[in-house]
Engineer: 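Right, I'll just put the structure down here and ask away after.
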Protein chains: 2
Amino acid sequence: MEVKEQDLENLQVQLSPEEYVQMLLPLKDALDILSGKWKLQIIFSLKFGRKRFKEIQRAIPGISPKMLSKELKELEINELAQRFVYDTKPITVEYELTDYGQSLKPVVTELYKWGAAHRKRIIGRG
Amino acid sequence: MEVKEQDLENLQVQLSPEEYVQMLLPLKDALDILSGKWKLQIIFSLKFGRKRFKEIQRAIPGISPKMLSKELKELEINELAQRFVYDTKPITVEYELTDYGQSLKPVVTELYKWGAAHRKRIIGRG
DNA sequence: TACGCAGGTTTCCCTAAGTATACCGGTATA
DNA sequence: TATACCGGTATACTTAGGGAAACCTGCGTA
């Protein structure tokens, strides 16, 4: 059972419950990767280039080492960021957005555009 | 202090911490509206046209009336769905996606595309 | 010798999100 | 008279996400 992208566009067509669920999975994946309190901030901070652990932490006020460590691991698992370890003293660890990580750009751009328009509409409406 | 969409594209430029935060707000808004366990399912189910409360509930296995009610209210507040009440016996209530709700389409499409590609990459890699 | 830094981990705690179950008023149906 | 449906609320509970603080190893510095 394959769900084609076109199905998203032509939702006049009634989908079966299973097709329906299949369609939601990729959406859920994408949302899971971007949501959470610190993910976007970390991604943004890495857009400026490689950074060390403490550098990221200093760049994001309020983040605890526990959360930073956890989120970086998730980014790594998803191949969005890469971890480099150098055998200096003390040890140096750097993180970098991967090329694949850059592929999030259109998604983030669409979210930003919609979110910005929505702010104007809803908040401006107050 | 205004953040332009172009800034998103040209992240070579170093942003100040405040610009940085301003940039995250619309992203957070958009994500908040789409995340949560049932939002997408409700939006999808309404794409097929107007539906009554119980119809939506039957279409989404596992959702409790409490959650459905709560999520529909949020959609209404954000002007993504509209609630129609008819004075029949028993009362009839229908929900419909607004035209504005349709404006989410490009966002959802981008999320879907990226999520689907990501599934192939990460799960296929397993 | 003691302190400090890098790069984290561990533990405990609190709150927000979501689940389960029961219930409500009004109406129709057997 | 009892039961069921509609469109929800109310209450109590469990779980997931995140915060705060302490701690760890290894090394350099005063």
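Every value quoted in this text rests on a predicted model; they were computed, and no experiment measured them. A note on names: the letters A, B, ... follow the listed sequences, proteins ahead of strands, and every chain is numbered from 1.
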Engineer: Using 0.5 Å steps for rounding, measure from the CG atom of A:L75 to the CG atom of A:L97.
Structural biologist: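 One gets 8.0 Å once the value is rounded to the nearest 0.5 Å.
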
Engineer: How long is the line joining CZ of B:F84 and P of D:dG8, in whole Å?
Structural biologist: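 In whole Å, D:dG8 P and B:F84 CZ are 14 Å from each other.
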
Engineer: Which one, C:dT19, D:dG19, C:dA6, comes nearest to the side chain of A:M67?
Structural biologist: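 Taking heavy atoms from C-beta onward, the closest nucleotide is D:dG19.
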
Engineer: Indicate, with a heavy-atom threshold strictly under 4.0 Å, whether B:G62 touches base, sugar-phosphate, or nothing.
Structural biologist: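 Counting heavy atoms under 4.0 Å across all strands, no contact is made by B:G62.
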
Engineer: Stepwise, does the side-chain contact (heavy atoms from CB on, under 4.5 Å) test hold for B:L25 with B:Q22?
Structural biologist: CA-CA 6 Å; B:L25 292 177; B:Q22 285 301 102; 3.8 Å; yes

Engineer: Between B:K37 (NZ) and C:dA17 (C1'), how many Å, whole number?
Structural biologist: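 Computing the B:K37:NZ to C:dA17:C1' distance gives 10 Å.
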
Engineer: So what does A:Y95 hit on the nucleic acid, given a heavy-atom distance under 4.0 Å: a base, only sugar-phosphate, or nothing?
Structural biologist: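 Contact class for A:Y95: sugar-phosphate only.
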
Engineer: Want to settle it: does B:E71 or B:P65 sit nearer the 5' end of DNA chain C, counting the closest nucleotide to each?
Structural biologist: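 Mapping each residue to its closest nucleotide by heavy atoms, the 5'-most match is B:E71.
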
Engineer: Of all the nucleotides listed (C:dT19, C:dG26, D:dG19), which has the minimum atom distance to the side chain of A:W38?
Structural biologist: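 The answer is D:dG19, which lies nearest to the side chain.
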
Engineer: Is there a side-chain contact between A:D29 and B:W114 (heavy atoms, below 4.5 Å)?
Structural biologist: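 No; the side chains remain at least 4.5 Å from each other.
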
Engineer: Phosphate oxygens OP1/OP2 of D:dT9: is one of them under 4.0 Å from a side-chain N or O of B:S69?
Structural biologist: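 Checking B:S69 against D:dT9: at least one side-chain N or O falls below 4.0 Å of OP1 or OP2.
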
Engineer: Which whole-number value in Å describes the distance from A:K73 NZ to C:dG7 C1'?
Structural biologist: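 Whole-Å distance recorded here is 11 Å.
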
Engineer: Please give me the minimum heavy-atom distance between B:K39 and B:D32, naming the atom from each residue.
Structural biologist: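 Closest approach of B:K39 to B:D32, heavy atoms only: NZ-O, 3.8 Å.
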
Engineer: Quick one: B:F53 CZ to D:dG8 P, roughly how many Å, whole number?
Structural biologist: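 Checked: the CZ to P distance equals 6 Å.
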
Engineer: Kindly indicate whether the side chain of A:R83, heavy atoms from C-beta on, has any atom under 4.5 Å from the side chain of A:L72.
Structural biologist: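 With C-beta onward as the side chain, the pair stays apart.
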
Engineer: With a 3.5 Å cut-off and heavy atoms only, can you find an N or O donor on one side and an acceptor on the other between the side chain of A:K66 and the base of C:dT10?
Structural biologist: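 No.
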
Engineer: To the nearest Å, how far apart are A:I56 CD1 and C:dA6 C1'?
Structural biologist: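 Interatomic distance, CD1 of A:I56 to C1' of C:dA6: 13 Å.
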
Engineer: So A:K89, base contact, sugar-phosphate only, or nothing? Heavy-atom distance under 4.0 Å.
Structural biologist: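 It contacts sugar-phosphate atoms only.
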
Engineer: Grab the CZ-C1' distance between A:R83 and C:dG7 for me, whole Å please.
Structural biologist: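 Atom-to-atom, A:R83 to C:dG7, this comes out as 8 Å.
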
Engineer: To the side chain of B:I91, which of C:dA6, D:dG7, D:dG18 is closest?
Structural biologist: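 Nearest to the side-chain atoms of B:I91, counting from C-beta on, is D:dG7.
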
Engineer: Just do the side-chain contact (heavy atoms from CB on, under 4.5 Å) check on A:L40 and B:L31 with the steps written out, would you?
Structural biologist: CA-CA 11 Å; A:L40 282 170; B:L31 284 174; 3.5 Å; yes

Engineer: May I ask you to verify if any side-chain N or O of B:R58 is less than 4.0 angstrom from the OP1 or OP2 atom of D:dG7?
Structural biologist: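 Answer no for this pair, as no side-chain N or O of B:R58 is under 4.0 Å from OP1 or OP2.
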
Engineer: Please work out if A:K70 contacts a base, only the sugar-phosphate, or nothing of the nucleic acid, heavy-atom cut-off 4.0 Å.
Structural biologist: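 Here A:K70 touches the backbone only, sparing every base.
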
Engineer: Go nucleotide by nucleotide along DNA chain D from the 5' end; which of A:T88 and A:I63 gets its closest nucleotide reached first?
Structural biologist: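 It is A:I63, whose closest nucleotide lies nearer the 5' terminus.
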
Engineer: Please give, in whole Å, the distance from D:dA20 P to A:Q57 CD?
Structural biologist: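 In whole Å, D:dA20 P lies 12 Å from A:Q57 CD.
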
Engineer: Taking only side-chain N and O atoms of A:R52, does any of them lie within less than 4.0 angstrom of OP1 or OP2 on C:dA6?
Structural biologist: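 Negative; the distance criterion is not met.
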
Engineer: Please give, in whole Å, the distance from D:dG18 P to A:I42 CD1?
Structural biologist: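 It is 11 Å, rounded to the nearest whole Å.
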
